[in-house]
Student: 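Below are the structure tokens for one structure; questions will follow.
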Amino acid sequence: MADSGSVNTGKRATSEDDDTSAGKRQRKTVRVWCDGCYDLVHFGHANSLRQAKLMGDYLIVGVHSDAEIMKHKGPPVINERERYAMVRAIKWVDEVIEDAPYVTEIETLDKYNCDFCVHGNDITLDADGNDTYRKVKAAGRYKECQRTAGISTTDLVGRMLLLTKTHHLAGHDVPSGSDKGSENPSCSSMGSPYTGVSQFLPTTRKIIQFAGGKEPAPGDTILYCPGAFDLFHLGHVAFLKEAKKLGNFLIVGLHTDKEVNRYHGGNYPIMNLHERTLSALACRYVDEVVIGAPSVTTGELLDHFKVNLVVQGMTHIHPVADGIDPYEEPKKRGILKFVDSKSDLSTAKIVARIIENRIRFQQRNKKKEEKELRMIQLLERRRSEDLARRKSEELQKLEAREQGKPETVEEVFD
Ligand code: CTP
Ligand code: C5P
């Protein structure tokens with residue numbers, strides 16, 4: 001079962017009244033099913049789950065095992081234990097089903113009493129190149145949500161392998177999707193609109209959709225957790241879960257891209273500040289995010305947010321550029337607490353895993369994108385054949401009308 005955190009789950013999008021005139025008859029709970037790999041889980045995945053939750057009341061997410069992903073798509077970057085836990089930490093998720101089948105079965109929806117399945121408007125193919133949702137589509141138990149453009153596991157892997165910095169924020173010109181795609185060896189040169197690389201365009205609407213909008217209640221213990229939170233991973237989730245036990249309103253302070261780059265170097269952060277904001281907001285333990293927190297936790301910041309405790313994990317604390325202790329003020333106030341996430345996962349370790357398996361991931365991504373492109377071409381061919389057929393039927397009808405011949409079967413027997 002999922003962690004049952006107190007979360008802003010959003011209400012079902014309906015204008016119907018829940019009560020009858022008799023007053024008390026409750027409408028049926030709508031149970032929604034989603035499934036997927038959720039590899040290197042990102043805010044695109046979270047956004048699909050947010051939309052799915054809005055289509056019903058209770059959201060169940062089936063996550064595929066490593067073996068199942070290996071069979072249909074190639075090796076996952078993140079192992080199943082970590083993927084299951086990451087999906088559980090997303091605030092719109094009510095329950096996670098481990099080792100869900102790759103091809104969505106009617107029996108699975110029935111087993112978990114789900115009304116329908118929701119998936120993004122992209123194509124997911126099994127090992128044989130067939131649509132994994134064909135059975136639920138045929139049964140009329142399939143609904144689509146809007147895929148988040150500009151973010152994919154493949155894109156993130158590409159950033160790590162290429163050490164690109166184009167994703168950083170600082171008013172740089174961002175190359176067009178095709179420019180970036182052509183330099184990316186993890187993608188085929190043709191560029192699928194799903195797996196291919198493009199740029200995520202953050203909007204205030206998206207932030208509003210992700211934010212709980214909750215304010216601290218009087219008497220709440222307000223926690224402040226600063227850091228990079230890059231590639232938001234299980235170490236961060238374990239840390240935030242422990243931190244949340246110390247209070248009831250948790251604020252994450254996200255360092256700027258420039259600051260993270262100063263202390264990590266290379267092309268870090270892998271995810272820019274806007275992307276890290278959405279990842280943090282999707283986590284069930286997070287109530288608020290400071291978008292671009294100062295590297296030094298100042299008295300001004302602590303007073304502004306009425307922070308009761310500053311919480312830090314057991315990992316290395318990066319000194320500020322001029323050697324200042326970033327926690328000098330919280331230490332002086334006696335409000336700095338350390339918690340042990342019991343996880344040694346780090347962004348650098350994930351990057352190392354990807355680099356070690358570089359060839360396998362490149363092959364996997366290339367294969368996935370080529371399969372998507374073949375399917376897109378096939379669908380386009382079918383669409384134009386369909387159009388041509390309809391045009392020729394119209395033409396025949398027109399000719400028949402002009403010659404006074406019957407146009408329909410009914411007219412023949414009239
Ligand atoms: N999804 C989405 N937006 C994205 C990426 C994924 O809405 N940018 C959705 C998919 O449409 C699907 C769910 O997240 O409904 C789970 O996706 P997953 O099985 O992990 O597959 P991929 O689409 O392959 O994810 P990625 O492109 O990141 O590899
Ligand atoms: O390294 P980063 O700045 O992203 O870490 C943010 C917070 O998460 C820090 O307090 C860090 O100690 C904590 N963390 C942790 N365990 C991990 C990774 C990070 O406690 N494995």
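Side chains are part of it too, since the values below use all heavy atoms of this structure and drop only hydrogens, waters and symmetry mates. Whatever order the structure lists ligands and atoms in, that order sets their numbers, starting from 1. Everything numeric here is computed off the predicted structure, so don't read it as measured data.
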Student: By number and element, which atoms of ligand 1 are closer than 4.0 Å to a non-hydrogen atom of Ile151?
Tutor: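 Under 4.0 Å from Ile151, ligand 1 has these atoms: 4 (C), 8 (N).
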Student: What residues come within 4.0 Å of ligand 2, counting heavy atoms only?
Tutor: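 Contacts of ligand 2 under 4.0 Å: Gly227, Ala228, Phe229, His233, Gly235, His236, Phe239, Gln312, Gly313, Met314, Thr315, Ser341, Ser343, Leu345.
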Student: Quick one: closest heavy-atom pair of Tyr285 and Leu250, and the distance?
Tutor: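 That would be O-CB, 3.4 Å.
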Student: Assess whether a salt bridge exists between Glu242 and Lys245, defined as any Lys/Arg side-chain N lying under 4.0 Å from an Asp/Glu carboxylate O.
Tutor: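 Counted as a salt bridge, because a side-chain N and a carboxylate O are separated by less than 4.0 Å.
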Student: Run the numbers for me: atoms of ligand 1, each under 4.0 Å from some heavy atom of Tyr38, listed by number.
Tutor: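 Result: 16 (C), 20 (O).
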Student: Mind checking whether His64 contacts ligand 1 via backbone (N, CA, C, O), side chain (CB onward), both or neither, at a 4.0 Å heavy-atom cut-off?
Tutor: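 Under 4.0 Å from ligand 1, His64 contributes no heavy atoms.
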Student: Out of all atoms in ligand 1, which are within 4.0 Å of some heavy atom of Gly36? Include the element for each.
Tutor: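 It comes down to these atoms of ligand 1: 19 (O).
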Student: With respect to Asp35, determine whether any N or O atom, backbone or side chain, lies less than 3.5 Å from an N or O atom of ligand 1.
Tutor: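 No - when backbone and side-chain N and O of Asp35 are compared with those of ligand 1, no distance drops under 3.5 Å.
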Student: Working to the nearest 0.5 angstrom, can you tell me the gap between Arg333 CZ and Thr297 OG1?
Tutor: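 Result: 10.5 Å between the selected atoms.
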Student: For Thr148 and ligand 1, does the shortest N/O to N/O distance drop below 3.5 Å?
Tutor: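 N/O-N/O distance under 3.5 Å: yes.
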Student: How long is the straight-line distance from CG of Leu373 back to CG of Leu378, given to the nearest 0.5 Å?
Tutor: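 Answer for the CG-CG pair, Leu378 versus Leu373, is 12.5 Å.
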Student: Starting at CD1 of Ile78, measure out to CD1 of Ile354 and round the result to the nearest 0.5 Å.
Tutor: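 It comes to 6.5 Å.
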Student: Under 4.0 Å between a side-chain nitrogen and a carboxylate oxygen: does that hold for Glu393 and Arg389?
Tutor: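 The answer is yes: the pair qualifies as a salt bridge.
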Student: Begin from the C-alpha positions of Trp92 and Phe210 and carry the test side-chain contact (heavy atoms from CB on, under 4.5 Å) through to its verdict.
Tutor: CA-CA 10 Å; Trp92 297 286; Phe210 270 55; 3.9 Å; yes
Student: Less than 3.5 Å apart, which donor and acceptor atoms pair up between the side chains of residues 304-324 and the rest of the protein, not counting sequence neighbours?
Tutor:
residue : atom : partner : partner atom : Å
Asn308  : OD1  : Ile222  : N            : 2.7
Gln312  : OE1  : Tyr327  : OH           : 2.7

Student: So, regarding Gly120 and ligand 1 (criterion: nitrogen or oxygen to nitrogen or oxygen, under 3.5 Å), is there a contact or not?
Tutor: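 Between Gly120 and ligand 1, an N or O pair is found under 3.5 Å apart.
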Student: Nearest 0.5 Å please: distance from the CG atom of Asp94 over to the CZ atom of Arg31.
Tutor: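 Going from the CG atom of Asp94 to the CZ atom of Arg31 covers 9.0 Å.
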Student: Salt-bridged, Arg141 to Asp110, with N to O below 4.0 Å?
Tutor: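 Counted as a salt bridge, because a side-chain N and a carboxylate O are separated by less than 4.0 Å.
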Student: Given His45, Gln51, Arg83, His119, which has its nearest heavy atom closest to atom 25 (O) of ligand 1?
Tutor: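 Nearest option to atom 25 (O) of ligand 1, by heavy atoms: His45.
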Student: Hey, what do you get for CD1 (Ile90) to CZ (Arg50), rounding to the nearest 0.5 Å?
Tutor: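 It comes to 12.5 Å.
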Student: Is ligand 1 under 4.0 Å from a heavy atom in the side chain of Lys73, in the backbone, in both, or in neither?
Tutor: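 For Lys73, only side-chain atoms sit under 4.0 Å from ligand 1.
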Student: So for ligand 1, is Arg147 a polar contact partner (N or O within less than 3.5 Å, distance only)?
Tutor: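 Yes - when backbone and side-chain N and O of Arg147 are compared with those of ligand 1, one distance drops under 3.5 Å.
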